[in-house]
Amino acid sequence: MSDPLLEVRNLRVQFATRRGVLTAIDDVSLSIAAGEVLGVVGESGAGKSLTGAAILGLLEPPGRITGGEIRLAGRRIDGLPPEQMRRIRGREIGAIFQDPLTSLNPLYTVGRQLVETIQTHLPMSDAESRARAIELLAQTGIPAPEARIEHYPHQFSGGMRQRVVIALALAARPRLIIADEPTTALDVSIQAQIITLIKRLCRDQGTAVMLVTHDMGVIAETADRVAVMYAGRLAEVGPVGDVIHHPRHPYTVGLMGSIPSMTSDLPRLSQIDGTMPRLGAIAAGCAFHPRCPRRMPICTERRPELDDGARTRAACWLHVAQPSEIGG
Ligand code: SF4
């Protein structure tokens, strides 16, 4: 892989509460190269959206980064003053969230919002930025963009609104897009179109994408590599084909059970019993052990680190040399 555009190292996010400090992201490291799509997958509460928010500098207090570092093109961006981070958001990192209405101002036409975003980040005249706004709407598949640019967000359907949000996210030609469940609120028939659109636009522009989703099917369609998260930790990381066809972590195997057509040759779990633990109730040792069908005694005592597997890296004692085997 070429030098990573985004590099997250040993990230820790904690929440100080009256009941003590809760760790929501625990020692997460991942990277994305230019033009690459990294899927980050896991059930609700796995920490994937929080990881995206930490990268964007959008953690809600009392959540804060308490360890590790985040680099964009080699430059450290965690801990920057809010004003600098605001400039990086939009200019260097674009964001697409689940609900398009959180990204759009209902009081302004989409054209005004696009032009303002473009002019905030790029030195363009009114005429140039309007032309770029129309071009962006056309690129994102909005028919009659010269007319639609004068319309307000409520005049668009859900799928068309998400296309406008994609146009906004790409307006300043960012190097990285963080897309958090970008299709979850949309009709199934529209979802594939939006995913294809994000992938095509980013490939054409060499933009890297961090795609956060609970949907392994979306990952299979879109991602080059996958990071599987569980309880704020990485369970498995690797190229999408390997993770899907040869999952090594029992949690990944369970997630694969949710896409029937892909699992015919895999040992299937019809579902993963149990639920994601609450913050503050994460089990000792391997966080997945209360739900794991392959649990061993060591799993309740010692936390496994990511191994150096040939295809994927998994944090599971089934694959990591156990302390007794290495004299530890
Ligand atoms: Fe299951 Fe143990 Fe592997 Fe955790 S470390 S996933 S409990 S086998």
Side-chain angles (χ1 to χ4, degrees), residues 8 10-13 22-30 38-51 68 212-217 219-220 223 225-260 262-263 265-328:
V8 175
N10 308 111
L11 181 68
R12 175 166 291 118
V13 172
L22 303 178
T23 302
I25 304 292
D26 194 354
D27 198 23
V28 164
S29 298
L30 46 86
L38 175 75
V40 180
V41 70
E43 297 161 290
S44 174
K48 50 199 195 306
S49 293
L50 267 184
T51 303
V212 171
T213 178
H214 66 281
D215 188 337
M216 259 299 190
I219 294 281
R225 283 188 309 124
V226 190
V228 180
M229 289 190 72
Y230 188 82
R233 306 172 185 179
L234 284 180
E236 185 161 3
V237 188
V240 67
D242 293 318
V243 171
I244 285 177
H245 295 293
H246 309 283
R248 296 167 68 233
H249 193 287
Y251 180 58
T252 318
V253 174
L255 282 183
M256 300 314 302
S258 62
I259 21 179
M262 292 190 172
T263 55
D265 57 343
L266 292 173
R268 281 214 41 197
L269 295 177
S270 55
Q271 62 177 49
I272 311 171
D273 288 337
T275 55
M276 180 76 66
R278 280 180 295 107
L279 279 187
I282 296 172
C286 170
F288 187 57
H289 86 245
R291 303 172 70 186
C292 182
R294 304 193 62 187
R295 179 177 59 233
M296 302 172 286
I298 191 174
C299 305
T300 61
E301 292 159 13
R302 301 277 298 256
R303 176 176 168 173
E305 301 295 331
L306 284 175
D307 70 347
D308 285 315
R311 289 168 153 161
T312 75
R313 303 181 66 199
C316 173
W317 286 119
L318 290 170
H319 308 293
V320 182
Q322 299 189 16
S324 58
E325 298 167 23
I326 56 175

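All of these numbers come straight from a predicted model, not from anything done at the bench. Reckoned from all heavy atoms, side chains included, excluding hydrogens, waters and symmetry mates. Note that ligands are numbered from 1 as they come in the structure, with each ligand's atoms numbered from 1 the same way.
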Requested in this report: Take Arg303 and Asp26 through the side chain to side chain contact (heavy atoms under 4.5 Å, CB included) test and state the conclusion after the steps.
Outcome: CA-CA 12 Å; Arg303 176 176 168 173; Asp26 194 354; 2.9 Å; yes

**Report entry** Gap between atom CE of Met296 and atom SG of Cys286 - 0.5 Å precision
**Finding:**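 Rounded to the nearest 0.5 Å, the SG-CE separation comes to 9.0 Å.
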
Query raised in the report: If you round to the nearest 0.5 Å, how far is CG of Leu50 from CG of Leu279?
Result: 8.0 Å

Query - Residue of the set Leu255, Asp215, Val212, Val243 for which side chain to side chain contact (heavy atoms under 4.5 Å, CB included) holds with Val41 - result: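 Answer to the side chain to side chain contact (heavy atoms under 4.5 Å, CB included) test with Val41 among Leu255, Asp215, Val212, Val243: Leu255.
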
Report task. Apply the test side chain to side chain contact (heavy atoms under 4.5 Å, CB included) to residues Glu43 and Thr275: give CA-CA distance (whole Å), side-chain angles for both, the deciding distance (0.1 Å), then the verdict. Result -> CA-CA 9 Å; Glu43 297 161 290; Thr275 55; over 6 Å; no

Requested in this report: Please report how many protein N/O/S atoms lie under 2.8 Å from atom 3 (Fe) of ligand 1.
Outcome: 1

Under 3.5 Å, side-chain donor or acceptor atoms of residues 229-237 against the rest of the protein: list the pairs with distances, not counting sequence neighbours.
unit_1 : atom_1 : unit_2 : atom_2 : d
Tyr230 : OH     : Arg291 : NH1    : 3.2
Arg233 : NH1    : Gly285 : O      : 3.2
Glu236 : OE1    : Arg248 : N      : 3.2
Glu236 : OE1    : His249 : N      : 2.8
Glu236 : OE1    : Thr252 : OG1    : 2.8
Glu236 : OE2    : Arg248 : N      : 3.0
Glu236 : OE2    : Thr312 : OG1    : 2.7

